[in-house]
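Inspection log for the structure reproduced underneath, given as structure tokens.
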Amino acid sequence: MARKRRARRMARALTETHPDAHCELDHGDALQLAVATILSAQCTDKRVNEVTPKLFARYPTAADYAAADRAELEQLIKPTGFFRNKTTSLINLGQALVERYDGEVPGRLTDLVTLPGIGRKTANVILGNAFDVPGITVDTHFQRLVRRWEWTDETDPVKIEHAVGALIEKRDWTMLSHRVIFHGRRVCHARKPACGACTLASLCPAYGTGPTDPTAAKLLKGPRARDLAAAAGVDPDLVPAQAAAADAP
């Protein structure tokens, strides 16, 4: 019960800290989100968003991916890395959607995880952001932070998903995922978290992993870095201009 109370207090603090949290992959429908999520493997969301406008215009339907010319598709998505494997996934995804779901992305986890290129993490991204079905997205940031916060000591992503799901109300799962990921990219970095400029400091069992003095504000990232510093009671002027201008990693 103590863990659940602390987790929910931290979740509320994240709600206040990151009012701008959202899915950072640009998309207009479930198919576009599925494609963007596949491309995001080992690639930044920013790079994916640079590639997808032309890609979505060229391949608006599942049938278009199913019939895609491999060389052309590879060239379009090459900047995202691992483009040969991703091309195979996109063509196979298109074919599976056409053959099994009339070209539409299904809205159930059990169906989504049977599709090429879509594992449980990607399925939860699609459910939460395209179908408004609550889901917990256990990416590297989420896994790192909930273990650092001692919400769970599990290491398997599915077990982490279930453990966190037992702490947080289901209706909040999707937005919790976005907020934790935002926090991991902007504040609670892997090697050197900004402990001294973190709104969760008083609740965090890992406080002190990074610098605890106000100069920790220099570690904040993203366009709201100065707002994050102010929310933590730290002078926002300590945030370097380049950090506030930078995209969150």
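Everything numeric in this text was worked out from a predicted model, so none of it was measured.
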**Asked** Which is it for Q95 and Y65 under the side-chain contact (heavy atoms from CB on, under 4.5 Å) test, yes or no, and what are the steps along the way?
**Response** CA-CA 7 Å; Q95 291 171 349; Y65 286 102; over 6 Å; no
**Item:** Residues R147, E154; criterion salt bridge (charged side-chain N to carboxylate O under 4.0 Å, His left out); working and verdict
**Value:** CA-CA 8 Å; R147 284 175 51 81; E154 299 288 356; over 6 Å; no
**Request:** Please indicate whether D102 has more than 12 foreign heavy atoms, meaning atoms of other residues, nucleotides or ligands, lying under 6.0 Å from its CG.
**Result:** no
**Request:** Would you please indicate yes or no on a ring centroid separation below 6.0 angstrom for H22 and F182?
**Result:** yes
**Asked** Looking at V48, L39, T80, which one forms a side-chain contact (heavy atoms from CB on, under 4.5 Å) with L55?
**Response** L39
**Request:** Taking atom types as modelled, find out whether R70 and T88 have a side-chain donor-acceptor pair closer than 3.5 angstrom.
**Result:** yes
**Asked** If you measure from OG on S40 to NZ on K121, what distance do you get to the nearest 0.5 Å?
**Response** 6.0 Å
**Verdict with reasoning, T52 to Q32, per side-chain contact (heavy atoms from CB on, under 4.5 Å)** = CA-CA 8 Å; T52 49; Q32 290 185 359; over 6 Å; no
**Complete:** Here the pair of heavy atoms bringing A123 nearest to L109 is CB-CD1, 3.5 Å
**Request:** Kindly give the heavy-atom pair with the smallest separation between A206 and C195, and that separation in Å.
**Result:** O-SG, 4.4 Å
**Asked** Looking at I126, L127, T122, which hits side-chain contact (heavy atoms from CB on, under 4.5 Å) with N124?
**Response** L127
**Message:** In this structure, would L145 and V158 fall into the same cluster of hydrophobic residues linked by side-chain contacts under 4.5 Å?
**Reply:** no
**Complete:** Correct closest heavy-atom pair for L93 and A34 would be CD2-CB, 4.4 Å
**Request:** Check the pair D156 / K159 against salt bridge (charged side-chain N to carboxylate O under 4.0 Å, His left out), numbers first and verdict last.
**Result:** CA-CA 5 Å; D156 177 75; K159 291 181 179 179; 5.8 Å; no
**Item:** Straight-line distance of F142 CZ to E161 CD, nearest 0.5 Å
**Value:** 8.5 Å
**Message:** Using the rule that Ile, Leu, Val, Met, Phe, Trp and Tyr join whenever any side-chain heavy atoms are under 4.5 Å apart, tell me whether L200 and V180 fall into a single cluster.
**Reply:** yes
**Request:** Test H183 against every option in H178, H18, H141 by the side chain to side chain donor-acceptor pair (under 3.5 Å) rule and name the one that passes.
**Result:** H18
**Fill in**
Between A217 and V239, the two heavy atoms sitting closest are O-CG2, 3.6 Å
**Prompt:** When hydrophobic residues are tied together by side-chain contacts of less than 4.5 Å, even through go-betweens, does V35 share a cluster with I77?
**Reply:** yes
**Request:** Carefully, step by step, assess T209 and R148 under the rule side-chain hydrogen bond (donor to acceptor under 3.5 Å, both in side chains).
**Result:** CA-CA 9 Å; T209 303; R148 178 175 277 176; 4.8 Å; no
**Message:** Before you tell me yes or no, could you show the steps for N92 and S89 under side-chain hydrogen bond (donor to acceptor under 3.5 Å, both in side chains), namely the whole-Å CA-CA distance, both residues' side-chain angles and the distance that decides it to 0.1 Å?
**Reply:** CA-CA 5 Å; N92 290 344; S89 292; over 6 Å; no
**Message:** To the closest 0.5 Å, what do you measure between CG (L25) and CG (D45)?
**Reply:** 4.0 Å
**Prompt:** When rounded to the nearest 0.5 angstrom, what is the spacing between NZ in K54 and OH in Y59?
**Reply:** 11.5 Å
**Item:** Pairwise distance NE2(H27) to CG(L33) - rounded to 0.5 angstrom
**Value:** 4.5 Å
**Complete:** d(L97 CG, I118 CD1) to nearest 0.5 Å is 7.0 Å
**Asked** Hey, does the side chain of K86 reach the backbone of G81 with a donor-acceptor pair shorter than 3.5 angstrom?
**Response** yes
